[in-house]
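Scroll down for the structure; my scribbles are underneath it.
A note on names: the letters A, B, ... follow the listed sequences, proteins ahead of strands, and every chain is numbered from 1.
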There are 2 protein chains.
Amino acid sequence: MVLARLQQVAAHLTGQLVQHHPFDPLTTEEIAAAVAIVRKEHEGLFFNAITLWEPRKEEMLKWLSSPKTSPKPRRVADVVAIGRGSRVYDGLVDLDDGRIVQWELTEGVQPLITMEDLQVVESVVRKDPKVIEQCGILGISEQDMHKVYCDPWTIGYDERFGSGVRLQQALMYYRPHPDDSQYTYPLDFCPIYNSDTQEIVHIDIPEVRRQLNQAPPINYHAAAIEKEGGYRTDLKPINVTQPSGVSFTLSNRILHWQNWTLHIGFNYREGLVLSNITFTDKETVRPLFYRLSLAEMVVPYGNPTHPHQRKHAFDLGEYGGGYMTNSLTHGCDCKGEISYLDAAFVSRSGEPQTIKNAICIHEEDAGILFKHTDFRDNSSTTTRARKLLVSQIFTAANYEYCVYWIFHQDGTIQLEIKLTGILNTYAMNPGEDVGPWGTEVYPGVNAHNHQHLFCLRLDPNIDGQANTVFQVDAVAAEEEVGSEGNKYGNAFYAKKTKMETMSTGMSDYEGATSRTWDMCNPNKLNPYSKKPVSYKLVSREVPRLLPKEGSLVWKRAGFARHAVHVTRYDDAQLHPAGRHVPQTSGDPSQGLPAWIAANPEGSLDNTDVVLWHTFGLTHFPSPEDYPVMPAEPMTVLLRPRNFFTQNPCLDVPPSHSTTPSQMAVGRGGTGGIVSDLSRLAFGGKEKGGSDEV
Amino acid sequence: MVLARLQQVAAHLTGQLVQHHPFDPLTTEEIAAAVAIVRKEHEGLFFNAITLWEPRKEEMLKWLSSPKTSPKPRRVADVVAIGRGSRVYDGLVDLDDGRIVQWELTEGVQPLITMEDLQVVESVVRKDPKVIEQCGILGISEQDMHKVYCDPWTIGYDERFGSGVRLQQALMYYRPHPDDSQYTYPLDFCPIYNSDTQEIVHIDIPEVRRQLNQAPPINYHAAAIEKEGGYRTDLKPINVTQPSGVSFTLSNRILHWQNWTLHIGFNYREGLVLSNITFTDKETVRPLFYRLSLAEMVVPYGNPTHPHQRKHAFDLGEYGGGYMTNSLTHGCDCKGEISYLDAAFVSRSGEPQTIKNAICIHEEDAGILFKHTDFRDNSSTTTRARKLLVSQIFTAANYEYCVYWIFHQDGTIQLEIKLTGILNTYAMNPGEDVGPWGTEVYPGVNAHNHQHLFCLRLDPNIDGQANTVFQVDAVAAEEEVGSEGNKYGNAFYAKKTKMETMSTGMSDYEGATSRTWDMCNPNKLNPYSKKPVSYKLVSREVPRLLPKEGSLVWKRAGFARHAVHVTRYDDAQLHPAGRHVPQTSGDPSQGLPAWIAANPEGSLDNTDVVLWHTFGLTHFPSPEDYPVMPAEPMTVLLRPRNFFTQNPCLDVPPSHSTTPSQMAVGRGGTGGIVSDLSRLAFGGKEKGGSDEV
């Protein structure tokens, strides 16, 4: 008893003394400290972002390889602040020293729109006389202005206004009742809001006016469902329980599960950041990825009529996948035993803020891991799989993005994104032809064609930093049918094309050749196959960027021009559409195109490289997507190829296993393995809570 | 009490009097009856297959629409029998009348290889003096011939032997111990077996001999894992329980679940056959598909050296996806409450045989169905999804194919196939260069490149039989950037190309345009979008057939030349590589190419059509796939587009739902919905067995 108590006390003390891992996001205390340090020297600022300035890689790798003998990277805050007159300051604050180490006024840029920036516009819009006038034209009286809503996007880029003033475009809607979905009642005009002066500076009014929708509301809340006959009653519960707890351990933010080890970071911009991902191969800890994150997105809409060209949200660069993340306390989004991590940000006024349960960590059963039956004697092995999910869900105004980083026992890393939420909609008149650019998803509701293009930043570390990327195509042999080398015409092989330099290191998707990309360590060959150890990027949802070459979106979203870009590693290159994305003109293009232009001959061969992968989907809406979209999943895989010398999950206990020898002894065998679950499945009712794997 | 007893008796009697649904597979009694009827007229036959001759569609549709007033389709058995001298008979037996209605000697064809055909070869091989001699050359003594194994594939096609004699090629292996995987010890020669005379008629011996592998065994049975340190002990159980049972009902073979109704059939060839699939949309039962099945497969290997060109198994047409199906009694392959259906076949000697638990039916939780949060007040709804899986697993010698037909609440049908099992392997000498055609996955083990190409037969019935198929491409508008119609260059749309006639109704995959195919009913427009009601085929794993045009595989597997073929419906057209596939030469091509050639101008517009979709993957093996492959999943989706007037699953009870009004009343709201599970997830430990949905 005394010992146990002492152990508790010791654990408690250790907990308090926990040192920050250099990858850990800034804590609320660190954010407060950064604000205080800035305030000592600069007054009258609003804070846009304070986040971890990640350790420089060279320094970090040294520390990771020998934390006891190498200096620990300092804690540094990366600060974006805004002064009156839309003046933007970029700074670095050394938290260990308590001093500003860099501070710059950055001209001609606009940092992202925070949740607070989003929240404030609606009240301004409702009081603006010109907006009230426009609402009046559509039949909304001044007393009903509290029924007017807006999604106040950044303006993106509008050549009439440039980049000097911080602007938002208010996509306008109406709610007959506060619980009605506003997306059924879009308004046809678009106020432009000055975020600095907090006033409406312009209204875009279409040449053809669209009336306020007269269709009845369509909703999915309980009262609406009740009116249509109520919730269905024919679903019986499926319970997922983990009576002995989870199979992972989380030490501070370092996760251990089934040979995997990784650090779980999070920032306001990218949301989840996974660092220093390793897989323990027998006794050896083998590095796989230095850092993985969703780095950027663009959602171009396909209606060419002004001002819809402005609808091409860079959800991460313009709003922040971290800032928009859901607190998962408001409804359980996963089943089983769930662990959560919070996220800390700075408010506009400099207060630290916490989103509770921003990150979800849990395990799931994953069906069959492997199985084989010998047709001779029915001896067989069936082994079930388990997966570990690290996830977040963010709400970008109307849409929801559910992001799942999934780790599999076989060494595969899967990024699954589920799209749900509500379509962005625009007004239409009864009987109006919406052309090929949209769909009437409900009477009077025009949902425009759009794409969701995600840019995944992969910093491979395949058994070390020196890596090379190859494009891999499945192709027929060149030799003709009937020739000596290909008599029956069946020869085919994997054609590998090396990504040589920055200017040539880009590649489009090719479905017909099942194109993939290998991230290899050319210095280390698999002892059996004699091929370089590698991880393969397998991605099948890879539409072309449909806005044309030279278009506004093409210029602003340079990362989306190709499915894959490879660059030499640079600590400063995290954001493929630029550090500050709102109101970039694309002349010249920020981010990836600029980095490539700066070093076109930079070699990508056997060096520290970063792979930028743009994938996603093109969405032609249909009524099934309304009034809320059934989740549409998308998957990207990172698969070990020639990395291990054998299937790395053979040691997962099978649910059933018999050998020929066992089968020979008697029907069903002796000495075979049958898990409780398999036994029970055929023996009658299942017991609750038994120790089944 | 008396009433209850009477009800039991009535139920029992009804059970006995159950009439077969016309889609039901033949029962063991019906198979026995068919055999007896044939035997009355024909002697000395072996049975290859006896299966349901499905009702003609016209007759069936009449009966389905008014079962009380239309004649019920007769029960007819489709019989394939083999006499001495490889003489093949195709017949139809009317079971209602008890008579043969059709009986033909079919020249120049070979029916598929049954499990019995597979089983018998090994014992012949072991005793054959020429095989013993070859084994001796590789150092295997005559006393060790019981350690020699073979996978006796059909010969496929070998121009030296033609199609007149029934032949198998014995892929040869060795097992040092009965529990060792033979695939580590391939032998380099290949005996040809005459299935009629049961003797070895030829041996293919390579010019360059490969020695017997000297590497130690690599296995995944318990003893092997024990030697490497044992099974991992860090997996805690995840239990899936359904304390109130399942949410579906199975009436004979008709399944009802969440608006879905379908008939579950099964045959020796295709395995699972799903018929008359409907979705109840509010009160209306709406037909979707008349019939869905995997109709054919081909697995071409990419090594051009003789005789490896013969390795291109048509797993369904040459062996039978039903015949090879696993009995799921030998290990539980799913979690939760599982229902099973058996499968009945005929044996070679005419005995009915049953595979217990051939089909698995169960539900699974499926993550988030839809979710939206209002960023203004955090009012939100989260609804969890459920899916229903109808599945089978078949073992094609070395490989396992796990086939899951998955029904979703949002109207989506998903076909998921997981590939697992063991690579087909060939011998190699130490240090041998295997070229680009294979990979040394373990010392001395050469796994050849191969493709798995599945042909999915879709018989759409989208609100009726008159359907049209469109190819749909996501493309940029034609107008140049800066032009009046596309000033900002962001215009894009869904370009639809009608499949007009049999000879033009084919289409390749195009990844860059995210190509899909719509099965439309052009006679019925969605009332909101004014677009034809449709189901969209979404498939992203669509490699090209890599054996070249004019090659042996290209000729024999005509269905695999394009991702999509559309044909006019014909009752006789079920098998896209032909009714009898083994030893077809492809001169001329059977199945799809022949049907198209017979009716090139046949219109596909607004008529009863069938869509044949070939999809799959190209597999360049790596050591991770050995000694048993982690399951690799592939998915094809059939999604409602413009079919419903709204999201069809809004009535699924949410796990959490609050409205703005509820949020306004107080933090967390009043009157919102929070399921037990959501409540528990944040309130402490979960209770077992509570009624959570």
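With respect to chain A, the highest number of heavy-atom pairs below 4.5 Å among B:Thr381, B:Asp625, B:Asn642 belongs to B:Asn642. The candidate from A:Lys487, A:Glu541, A:Met629, A:Met115 with the greatest count of non-hydrogen atom pairs under 4.5 Å with chain B is A:Glu541. For the set B:Ala397, B:Cys649, B:Gly482, B:Pro648, the entry with the most heavy-atom pairs within less than 4.5 Å of chain A is B:Ala397. Note: A:Asn449 leads A:Thr513, A:Asn486, A:Asn449, A:Thr412 in heavy-atom pairs under 4.5 Å with chain B. In terms of non-hydrogen atom pairs under 4.5 Å with chain B, the most contact-rich of A:Ala224, A:Gly230, A:Pro304 is A:Pro304. Of the listed residues B:Glu510, B:Glu122, B:Lys530, the one with more heavy-atom pairs under 4.5 angstrom with chain A than any other is B:Glu122. Here B:Val652 is the residue among B:Ile218, B:Val652, B:Val475, B:Leu617 with the most heavy-atom pairs under 4.5 Å with chain A. Each of B:Pro178, B:Gly511, B:Gly302 has some count of heavy-atom pairs under 4.5 Å with chain A, and the biggest count is that of B:Gly302. Chain A forms the most heavy-atom pairs under 4.5 Å with one residue out of B:Arg540, B:Arg232, B:Glu400, and that residue is B:Arg232. Ranked by heavy-atom pairs under 4.5 Å with chain B, the first of A:Tyr509, A:Tyr301, A:Trp437, A:Trp554 is A:Trp437.
Residue A:Ala476 comes nearest to B:Leu546 through the heavy atom pair CB-O, 3.3 Å, listed as atom of the first residue, atom of the second, then distance. Contact record, B:Tyr493 with A:Pro436: CB-O, 3.4 Å, taken as the closest heavy-atom pair. The minimum heavy-atom distance linking B:Val481 with B:Gly489 is given by the pair CG2-CA, 3.9 Å. Residues A:Arg384 and A:Ser655 come closest through the heavy atom pair CG-OG, 4.1 Å. Of all heavy-atom pairs spanning A:Ala494 and A:Val472, the tightest one is CB-CG1, 3.9 Å.
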**OP:** Start with the C-alpha gap between A:Asn239 and A:Thr241, add the side-chain angles, then the distance that decides, and say whether side-chain hydrogen bond (donor to acceptor under 3.5 Å, both in side chains) holds.
**Re:** CA-CA 6 Å; A:Asn239 298 335; A:Thr241 57; over 6 Å; no
Subject >> Worked verdict on A:Ser247 versus B:Lys236 for side-chain hydrogen bond (donor to acceptor under 3.5 Å, both in side chains) >> reply: CA-CA 5 Å; A:Ser247 316; B:Lys236 306 228 174 103; over 6 Å; no
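In this structure, chain B has heavy atoms under 4.5 Å from both the backbone and the side chain of A:Ala477. Only the side chain of B:Thr395 comes within contact range of chain A, with heavy atoms under 4.5 Å apart. For B:Glu480, the parts lying near chain A are the backbone and the side chain together; criterion is any non-hydrogen pair under 4.5 Å. Heavy atoms closer than 4.5 Å to chain B are found in both the backbone and the side chain of A:Phe643. No part of A:Arg515 comes within reach of chain B, as not one of its non-hydrogen atoms sits under 4.5 angstrom from that chain. For B:Phe620, the parts lying near chain A are the backbone and the side chain together; criterion is any non-hydrogen pair under 4.5 Å. Proximity to chain A (any heavy atom under 4.5 Å) is restricted, for B:Val246, to the backbone atoms N, CA, C and O. Residue contact with chain A, scored on non-hydrogen atoms closer than 4.5 Å, involves the backbone and the side chain of B:Gln258 alike. Contacts of A:Thr645 with chain B are made by backbone atoms alone, with heavy-atom separations under 4.5 Å and no side-chain atom involved. Residue contact with chain A, scored on non-hydrogen atoms closer than 4.5 Å, involves the side chain of B:Asn526 exclusively. Of the two parts of B:Thr439, the backbone and the side chain both hold a non-hydrogen atom closer than 4.5 Å to a non-hydrogen atom of chain A. For a residue to count as touching a neighbouring chain, one of its non-hydrogen atoms must lie under 4.5 Å from one of that chain's; by this rule B:Ile393 touches chain A with the side chain only. Only the backbone of A:His308 comes within contact range of chain B, with at least one heavy atom under 4.5 Å from a heavy atom of that chain. For A:Ile225, the part lying near chain B is the side chain, with the backbone staying farther off; criterion is any non-hydrogen pair under 4.5 Å. Looking at A:Asn647, both its backbone and its side chain come within 4.5 Å of chain B, counting heavy atoms on both sides. Looking at A:Glu364, the atoms closer than 4.5 Å to chain B (heavy atoms on both sides) all sit in the backbone: N, CA, C or O. Both the backbone and the side chain of A:Leu118 come within contact range of chain B, with heavy atoms under 4.5 Å apart. Within the 4.5 angstrom heavy-atom criterion, atoms from both the backbone and the side chain of A:Gln646 approach chain B. Only the backbone of A:Val542 comes within less than 4.5 Å of a heavy atom of chain B; no side-chain atom from C-beta onward does. Within the 4.5 angstrom heavy-atom criterion, no atom of B:Met324 approaches chain A. Contacts of A:Val441 with chain B are made by backbone atoms alone, with heavy-atom separations under 4.5 Å and no side-chain atom involved. Contacts between A:Ser514 and chain B at a heavy-atom distance below 4.5 Å involve the side chain alone, from C-beta outward. With a 4.5 angstrom heavy-atom cutoff, A:Glu228 touches chain B only via side-chain atoms. Of the atoms belonging to B:Asn303, it is backbone heavy atoms, and not side-chain ones, that fall under 4.5 Å from chain A.
From B:Leu650, atom CG reaches atom OH of A:Tyr626 across 11.5 Å, with rounding to the nearest 0.5 Å. Note that NE2 of A:His372 and CG of B:Asn326 are 9.5 Å apart. Values are rounded to the nearest 0.5 Å. Considering NE2 of B:His221 and OG1 of A:Thr659, their distance stands at 6.5 Å, rounded to 0.5 Å. Here the SG-NZ distance, from B:Cys402 to A:Lys371, works out to 7.0 Å after rounding to the nearest 0.5 Å. A:Glu624 CD to B:Phe644 CZ: the interatomic distance, rounded to the nearest 0.5 Å, is 6.5 Å.
Between A:Pro443 and B:Tyr528 the shortest side-chain heavy-atom distance falls below 4.5 Å. A 4.5 Å side-chain heavy-atom check between B:Phe492 and A:Lys548 finds every atom pair outside the cut-off. Here the side chains of A:Pro300 and B:Asn490 are not in contact, with every heavy-atom distance at 4.5 Å or above. The shortest side-chain heavy-atom distance between B:Glu363 and B:Gln242 falls under the 4.5 Å cut-off. In this structure the side chain of A:Phe370 never reaches within 4.5 angstrom of the side chain of A:Pro654, judged on heavy atoms.
Looking only at atom types and distance, the side chain of B:His312 has no donor-acceptor partner in the side chain of B:Gln309 under 3.5 Å away.
Contact check on A:Asp508 versus A:Arg544 returns no salt bridge, with no Lys/Arg side-chain nitrogen under 4.0 Å from an Asp/Glu carboxylate oxygen.
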